[in-house]
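Since the structure comes first, as structure tokens, the remarks are kept for the end.
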Amino acid sequence: MIQEELVAAVLEALKRAQKEGAIPELSAPTILLEMPRNKEHGDYACNVALSLAGPAKMAPKKLAETIQRFMPEGVGYLERVDIAGPGFLNFYLKPDWLQDTLLEIEEMGDTFGHSQKHTSERVLIEFVSANPTGPISVVNGRAAALGDVLGNLLAAVGYEVSREYYINDALNSHQLEVLGETLAARYLQQLGKDVPLPPESYKGEYVIEMAKKIVKREGNTYEEMPDNELFPLFRRLATDEMISQQRGDLEAFGVRYDNWQCESALYEDEEVVQAIETISQRGYAYEKDGAVWLKSSVLGDKEDWVLVRSNGRETYVAADAAYHKNKFDRGYTLLINIWGADHHGYVARLKAAIAALGYDPSRCEVILHQMIHLVREGESVVGSKREGNIIPLRELIAEVGRDAARFTFLLSSADTTATFDLDLVKQQTNENPVFYVQYAHARIASILKKATSNEVVPAPAAKVKRSLLTHPRELDLLRKLADFPNEVQAAVENRAPHRLTHYSMELAAVFHNFYTECRVIGEEVELTQARLALIRGAKQVLKNALSLLGVSAPESM
RNA sequence: GCGCUCGUAGCUCAGUGGACAGAGCACCUGACUUCGGAUCAGGCGGUCGGGGGUUCGAAUCCCUCCGGGCGCGCCA
């Protein structure tokens with residue numbers, strides 16, 4: 001890669017300059033290259049002279065000039081280095097470096113943009129993990145999109161990725177008790193009995209649907225069953241049904257998990273008890289007021305938390321400690337949890353628990369995403385599962401489609417409190433930028449099809465006259481294509497999947513620009529072939545970007 | 001009250017300490033006898049919430065104030 005060559009060249013220049021005494025001895029800096037927005041600033045720019053000016057006690061411009069003077073000869077595609085502005089090094093490359101990226105794209109195909117930087121690492125990414133008390137909602141959609149695409153990105157740079165869903169089905173869950181009782185009441189109501197709903201019941205329509213299903217399947221089998229048997233049974237029926245619905249909801253959104261981990265299993269396998277035992281043995285637990293406490297205040301948290309209540313029952317903190325121990329023990333080198341910002345106060349607690357268990361808390365990354373602010377008809381929509389007024393993700397998918405839904409979630413960064421105007425998203429689907437990007441892909445497919453039927457023989461990029469691609473719009477397009485691997489890398493490093501949606505829109509834009517100004521078919525044969533190779537490259541990269549986003553790249557629309 | 005977080009164009013949002021702060025929508029004006037007009041070009045629109053500070057350089061880092069969201073259980 002040309003970037004690496006440039007970085008090495010700059011380091012070499014610094015080394016030589018220091019040897020010659022042109023600049024003082026310095027420790028090797030991190031060289032950052034960027035593709036300047038403004039083309040006048042070259043193909044790549046480097047700010048090393050600016051950042052080193054302080055330590056070197058030299059004027060930035062003077063330092064830049066020195067680096068320029070000591071640059072080695074014959075670096076890859078490098079044509080010349082200019083100094084601009086306050087002391088930027090601007091690298092101008094020979095045109096064929098851009099044209100040759102088509103070779104790389106063609107060679108790499110679906111893996112262009114991918115890398116092998118993290119092949120020895122295994123990451124477990126846990127996301128959504130909503131309580132099994134209702135369908136997956138639009139609000140969960142953000143975590144679903146974020147986690148799934150981050151998983152794709154991590155896999156693209158070499159991680160072995162597992163996606164996991166944590167099912168909060170613990171025995172001491174009051175919510176599930178209420179859900180079971182609600183379902184039981186709905187069931188009896190379906191049989192014509194006048195039974196009241198329990199207090200704090202789940203009022204959603206979906207509970208009635210579940211009840212109808214049970215009646216259809218089992219009739220009045222449970223009509224006379226006493227509450228102490230009926231409630232636990234219906235709690236289980238409800239939980240199982242909700243989990244399977246959630247699984248379906250997420251699959252409809254294009255998210256598939258490698259593992260669905262039950263909290264209850266951690267209790268059944270005594271992992272919770274063992275985790276508490278481990279914490280005690282390591283001296284991070286103590287008894288007070290009849291309860292067992294985690295000494296989290298000495299592990300970076302503000303206060304201590306209860307692991308075992310005075311009534312003998314473990315808390316969710318204990319369960320989560322066990323869960324994360326379980327994750328580490330399965331051999332993962334990195335754990336990523338995606339949580340809503342409403343759980344931010346819990347991060348320190350979890351990290352403390354991990355440390356108390358003897359694991360490295362820095363190997364567990366918690367990515368917080370801000371809440372989604374739902375708006376409908378100009379008014380805030382506050383969804384509550386209890387009240388049954390949440391907006392199911394399925395409903396959104398049914399109205400706008402999976403692609404548009406995913407893309408929309410990924411337009412904003414995780415730490416923006418995004419406003420989601422349901423009317424806008426649903427009614428103006430054509431204004432969703434996903435179509436703009438997909439249109440570019442379909443348009444290219446159409447040209448390629450037409451070219452073939454016009455009996456222009458498409459040739460591999462290696463066989464076409466790439467040097468004919470010198471039109472400004474062609475160079476813009478090539479530059480954008482060449483930038484894709486950097487973009488993927490940046491999206492991974494910053495845990496920022498939303499960068500991909502923006503990249504794909506920019507790529508689509510430069511393609512549409514190219515299309516407006518340059519004809520492909522009907523030009524002189526060699527130019528047509530070169531341009532066909534160019535748009536094939538663009539099509540491939542659009543496809544790769546969309547594929548990372550879990551969005552389809554249609555041949556026609 | 002304490003803590004976390006966000007505040008960028010009329011609206012929705014980008015912006016890895018860098019060069020004149022960008023895009024989409026909305027609004028206005030243009031562009032097809034030719035490869036897909038779900039497109040393209042141009043215009044309008046900003047004290048980057050306010051004020052200090054660090055830096056050669058701040059939307060970005062630090063402090064403070066203002067405003068919004070969230071969290072502060074032997075609930076999960």
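Each chain gets a letter, A, B and so on, in the order its sequence line appears, and its residues count up from 1.
- Of all nucleotides present, only B/C72 satisfies the Watson-Crick or G-U wobble test against B/G1, with each distance under 3.5 Å.
- Taking every side-chain heavy atom of A/Arg519 into account, B/C35 is the closest of B/A76, B/C35, B/U39.
- Comparing B/A19, B/U5, B/A76 by their nearest atom to the side chain of A/Glu34 picks out B/A19.
- Ion pairing between a basic and an acidic side chain is recognised when a charged N comes within 4.0 Å of a carboxylate O; A/Glu555 and A/Lys449 show no such pairing.
- You won't find any donor-acceptor pair under 3.5 Å spanning the side chain of A/Thr416 and the base of B/C6, going by distance alone.
- Of the two residues near RNA chain B, A/Leu52 and A/Val308, the one whose nearest nucleotide lies more 5' is A/Leu52.
- Of the two residues near RNA chain B, A/Pro36 and A/Ala508, the one whose nearest nucleotide lies more 5' is A/Pro36.
- Applying the 3.5 Å distance criterion, the base of B/G71 shares no donor-acceptor pair with the side chain of A/Asp342.
- What separates NE2 of A/His498 from P of B/U12 is a distance of 17 Å, to the nearest Å.
- Between A/Tyr439 and A/His512, the gap from one ring centroid to the other is short of 6.0 Å.
- A cation-pi contact, defined as under 6.0 Å to the ring centre and within 45° of the axis, links A/Arg80 to A/Tyr92.
- Comparing B/C48 with B/G43, their C1' atoms sit 23 Å apart, to the nearest whole Å.
- A/Pro60 comes within contact range of no nucleotide atom at all, as no heavy-atom separation falls under 4.0 Å.
- With both pairing distances under 3.5 Å, B/C44 is matched to nothing as a Watson-Crick or G-U wobble pair.
- Of the candidates B/C40, B/C6, B/A19, B/A19 carries the atom nearest the A/Ala45 side chain, counting heavy atoms from C-beta on.
- A donor-acceptor contact under 3.5 Å links the side chain of A/Tyr316 to the base of B/A76.
- A/His41 comes within 4.0 angstrom of a base, heavy atoms only.
- When distances run from any side-chain atom of A/Asp289 to the nucleotides B/C6, B/C35, B/C74, the shortest one goes to B/C74.
- A distance cut-off of 5.5 Å between ring centres, combined with a plane angle under 30°, places A/Phe88 in a stacking arrangement with the base of B/A19.
- A/Thr516 and A/Arg473 form no side-chain donor-acceptor contact under 3.5 Å, judged by distance and modelled atom types alone.
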TODO: Kindly determine whether A/Arg495 and A/Glu365 satisfy salt bridge (charged side-chain N to carboxylate O under 4.0 Å, His left out), including the steps that lead there.
DONE: CA-CA 10 Å; A/Arg495 310 288 189 243; A/Glu365 241 177 76; 2.7 Å; yes
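- Judged by Watson-Crick or G-U wobble contacts below 3.5 Å, the nucleotide B/C61 has B/G53 as its partner.
- Residue A/His344 places its side chain closer to B/C70 than to any other of B/A14, B/C70, B/C40.
- Separating the C1' atom of B/C72 from that of B/C11 is a span of 34 Å, rounded to the nearest Å.
- Comparing B/G73, B/A19, B/U39 by their nearest atom to the side chain of A/Trp305 picks out B/G73.
- With a cut-off of 3.5 Å on both pairing distances, B/U33 has no Watson-Crick or G-U wobble partner at all.
- Phosphate proximity of B/C40 to A/Tyr436: present, with a side-chain N or O under 4.0 Å from OP1 or OP2.
- Here the nucleotide nearest the side chain of A/Tyr515, chosen from B/C35, B/G18, B/A76, is B/C35.
- Picking from B/G36, B/A19, B/A76 the nucleotide with the shortest atom distance to the side chain of A/Arg349 gives B/A76.
- At a threshold of 4.0 angstrom between heavy atoms, the contacts of A/Ala442 include nucleobase atoms, whether or not backbone atoms are also involved.
- When each of B/C72, B/A19, B/G36 is scored by its nearest atom to the side-chain atoms of A/Met557, the top-ranked nucleotide is B/G36.
- In this entry the distance linking CG of A/Leu448 with C1' of B/G36 reads 13 Å, nearest Å.
- When the C1' atom of B/U60 is taken as reference, atom CG of A/Asn494 falls 13 Å away, rounded to whole Å.
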Open item on the list: What verdict does the ring pair (Phe, Tyr, Trp, His ring centres under 6.0 Å) test give for A/Phe407 and A/Phe435, after you've listed the backbone C-alpha separation in whole Å, the side-chain angles of each residue and the deciding distance to 0.1 Å?
Closed with: CA-CA 10 Å; A/Phe407 206 86; A/Phe435 298 107; 9.1 Å; no
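- Of the candidate nucleotides B/G36, B/U39, B/G68, B/G36 has the atom lying nearest to any side-chain atom of A/Ser446.
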